[in-house]
Amino acid sequence: MPPLRDEMVAVRRYAELLSRHRGGADARPVARIQAALVTSGLLRRSAELHDALIRALAGSGTPHAALPLYAHLIRAGLLPTPHTLPSFLKSLALSPAVPGARRLALAVHAHAVRLGLTGFLLVNNALIRVHAGLLGRLPDAHLLLRASAAVDASTFNTLITAHARAGRVADARSLFDEMPERNAVSWSAMVNGYVQAGDGREALGVFSQMQAQGVRPDDTVLVGVLAACAQLGALEQGKWVHGYLRANNIRITVFLGTALVDMYAKCGEVQLGMEVFEGMKDKNVLAWTTMIKGLAMHGRGSDSLTLFSQMESSGVKPDDIAFIGALCACTHTGLVDKGRELFNSMVSNYGIKPKIEHYGCMVDLLARNGLLSEARDMVEKMPMKPDALIWGALMAGCRFHKNVELAEYVIKHWIELEPDKSGAYVLLGNIYSASGRHASAREIRHLMREKGVEKTPGCSNVEIKGVIHQFIVGDLSHPRIKDILTKWYEIDSRIRLEEGYMPDKKEVLLDIEEEEMEGALSRHSEKLAIAFALISTDDYMPIRIVKNLRVCQDCHHVTKLISKIYGREIIVRDRTRFHLFKDGTCSCKDYW
DNA sequence: CATGCTCTTG
């Protein structure tokens with residue numbers, strides 16, 4: 001029986017109503033409409049309504065709700081349309097945890113082929129995306145791409161993103177380079193790809209290329225640029241983005257605001273981050289967490305925890321990562337009891353099951369504060385198998401409190417998990433040297449050499465007039481290296497003469513022979529970076545250093561002395577936190 | 001249909 005005229009009008013009306021709910025996070029209105037359509041029997045007779053429902057749900061907070069609709073469509077004897085498939089495939093891609101999602105994706109692909117729908121650009125793109133993403137089959141995605149009759153920028157963009165997510169930036173880049181037409185999305189996919197790969201320099205390089213070609217930056221690419229600045233500690237460039245946003249009246253979305261807060265915090269200007277944060281209208285958990293973590297990194301533990309309570313009372317529910325931020329604040333400030341309290345509150349007030357990361361924070365907090373047996377207890381009793389990070393946290397505590405016995409217990413487990421990484425060996429060696437067991441330290445050094453264990457080289461960045469200069473330990477390739485070393489010798493003699501400095505050899509890299517130690521120490525990357533900053537900036541200008549590892553005792557001590565003698569503020573971001581050196585003291589109060 | 005923010009540790 002052909003549909004009645006009235007029925008066609010009703011279908012139109014409902015489809016129109018559903019299209020108004022597209023992209024709404026709250027899927028409840030859609031669910032109510034769906035229920036009405038099922039009761040009236042209308043849904044069973046209309047492919048168009050299936051289509052409208054799937055589209056409304058695909059962009060909602062519950063994309064998986066669209067999944068049963070496909071089977072419903074087929075059972076009702078109706079056929080998917082070229083409009084249905086892209087949204088449905090998107091719902092599938094967003095529901096990787098739903099059992100059978102992958103099988104369903106393959107079935108949809110088969111239908112699309114049989115019904116001759118693969119010629120539609122949007123269908124084809126969605127299929128390529130699902131192969132690259134949900135199905136994890138990049139080679140198949142490539143085959144589909146090569147076999148496609150028509151392809152547009154979004155097809156290449158999809159693959160660039162997929163490659164970058166899979167950690168293959170080089171492949172993403174070659175796709176990007178061979179694109180005949182790039183749009184703003186292509187550029188941001190590439191910038192963000194490099195950011196994800198941890199290559200902030202290359203990300204900024206791509207961005208300047210984008211500007212050179214006159215492509216107008218959109219807010220997505222600017223989020224990526226800010227993240228790159230945060231990684232590198234590139235404050236000047238980050239400020240430029242902020243200025244650009246203001247000059248062009250670009251609305252600070254939650255994404256942009258959060259990225260700005262993170263950039264300022266990670267570039268040592270947590271106060272500027274706070275101003276942006278306070279100006280943000282809608283703050284989600286992410287925004288709060290970023291600010292909480294930012295304050296924690298600067299050693300402002302109690303401010304950070306105050307903010308955490310403010311978040312709770314403002315009605316934003318902390319998630320597992322927000323708790324990591326708060327626990328971090330406790331770790332950087334030594335607030336053991338508060339940390340225990342938070343851990344318990346997470347479980348009993350919010351019903352969040354602690355993940356290994358939370359145990360990591362707790363082990364770190366306990367071990368660092370000398371509660372080594374309680375920390376060991378936690379490691380032994382935690383419900384999951386300890387990973388390398390857990391052992392690392394416990395080992396760091398052993399070093400801090402010179403506990404050789406526990407360190408020897410830890411190393412056995414740790415090396416089992418990471419036999420060819422240097423961290424475990426270096427720390428154990430440090431503990432041996434620090435407690436005067438030089439023969440054991442030498443043994444470790446031989447063991448490392450025998451096994452060919454790799455060390456992560458120390459590396460420091462310093463931004464001078466908007467340009468990032470990089471110094472790697474022992475690397476003398478900087479064009480002004482002669483001047484830098486001359487300056488270093490001057491610094492060295494001044495701190496010895498005026499402050500009675502003597503090098504502290506306890507934490508020197510292990511594969512360096514004793515007689516070379518002082519030379520190697522003086523070449524730790526941040527020392528070169530500070531010497532360079534002293535000769536390339538005006539007096540009284542603060543110096544900002546970003547380094548990839550933690551600061552060693554000796555460098556920490558030397559930096560304090562330099563800040564006093566040369567009257568400079570020196571802001572050092574190490575792997576996890578900030579140190580503000582001023583007048584011979586450090587904001588971390590020697591606790592790091 | 002394609003792009004974006006927070007996440008313990010050495």
Side-chain angles (χ1 to χ4, degrees), chain A residues 55 58 82-83 85-90 93 120-130 132-133 152-162 164-165 183-193 195-196 218-227 230 253-263 265-266 284-294 319-325 327-328 331 354-365 367-368 387-397 399 414 418 421-428 430 455-456 548-550 574-576:
Chain A
R55 274 208 260 187
H83 302 291
L85 291 189
S87 310
F88 186 68
L89 288 166
K90 182 183 176 183
F120 289 90
L121 187 63
L122 301 194
V123 173
N124 197 41
N125 283 353
L127 285 169
I128 292 175
R129 181 171 146 67
V130 97
D152 68 354
S154 78
T155 323
F156 279 98
N157 294 345
T158 298
L159 275 181
I160 289 173
T161 314
R165 286 213 183 116
N183 57 21
V185 177
S186 326
W187 289 98
S188 49
M190 205 56 241
V191 167
N192 285 300
V195 170
Q196 273 162 33
D218 61 359
D219 59 346
T220 310
V221 82
L222 292 176
V223 167
V225 172
L226 286 169
T253 59
V254 196
F255 279 103
L256 273 173
T258 307
L260 276 171
V261 169
D262 194 43
M263 181 278 293
K266 289 193 177 150
N284 57 16
V285 197
L286 252 92
W288 284 97
T289 305
T290 306
M291 196 67 245
I292 288 166
K293 180 75 205 299
D319 62 3
D320 52 337
I321 298 172
F323 273 102
I324 290 178
L327 288 172
C328 227
T331 306
K355 290 195 195 166
I356 195 153
E357 289 92 334
H358 300 104
Y359 285 102
C361 291
M362 287 308 291
V363 171
D364 189 23
L365 179 63
R368 216 184 274 246
D387 63 4
L389 297 178
I390 296 278
W391 294 119
L394 193 52
M395 183 68 111
R399 185 192 63 163
W414 191 356
E418 287 189 334
K421 286 244 183 120
S422 63
Y425 296 96
V426 173
L427 276 180
L428 184 63
N430 283 340
K455 285 193 318 295
T456 312
N548 64 337
L549 305 174
R550 305 222 75 178
D574 75 10
R575 195 178 176 76
T576 50

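We use all heavy atoms of the structure for the numbers below, so side chains are in, but hydrogens, waters and symmetry mates are not.
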Contacts of Lys266(A) that satisfy salt bridge (Lys or Arg N to Asp or Glu O under 4.0 Å) - sequence neighbours left out: Asp262(A)
Identify the 5'-most and 3'-most nucleotides of DNA chain B with at least one atom closer than 4.0 Å to a non-hydrogen atom of chain A. dC1(B) to dG10(B)
Give one of base, sugar-phosphate or nothing for Thr576(A), where a contact means two heavy atoms less than 4.0 Å apart. sugar-phosphate
Sorted by chain and number, sequence neighbours left out, salt bridge (Lys or Arg N to Asp or Glu O under 4.0 Å) with Glu357(A) holds for none
Using a 4.0 Å heavy-atom cut-off, does Asp387(A) contact any base of the nucleic acid, only the sugar-phosphate backbone, or nothing at all? nothing
Under 4.0 Å between any heavy atoms, over every strand shown, what does Ser87(A) touch: base, sugar-phosphate, or nothing? Just pick one. sugar-phosphate
Salt bridge (Lys or Arg N to Asp or Glu O under 4.0 Å) against Asp320(A), all qualifying residues, sequence neighbours excluded: Lys355(A)
Side chain to side chain contact (heavy atoms under 4.5 Å, CB included) test vs Val130(A) passes for just one of Asn125(A), Thr158(A), Leu89(A), Leu85(A), namely Leu89(A)
Using a 4.0 Å heavy-atom cut-off across all strands, classify Asp319(A) as base, sugar-phosphate, or nothing. nothing
Test ring-ring contact (aromatic ring centres under 6.0 Å, His included) applied to Trp414(A) - qualifying residues, sequence neighbours left out: none
Once you apply a heavy-atom cut-off of 4.0 Å, does Glu418(A) come out as touching a base, just sugar-phosphate, or nothing? base
Taking salt bridge (Lys or Arg N to Asp or Glu O under 4.0 Å) as the definition, give me every residue that meets it alongside Asp574(A), ordered by chain and number, with sequence neighbours left out. Arg550(A)
Describe the nucleic acid contact of Ala259(A) in one word from base, sugar-phosphate, nothing, applying a heavy-atom distance below 4.0 Å. nothing
Sugar-phosphate, base or nothing in reach of Thr289(A), heavy atoms under 4.0 Å: base
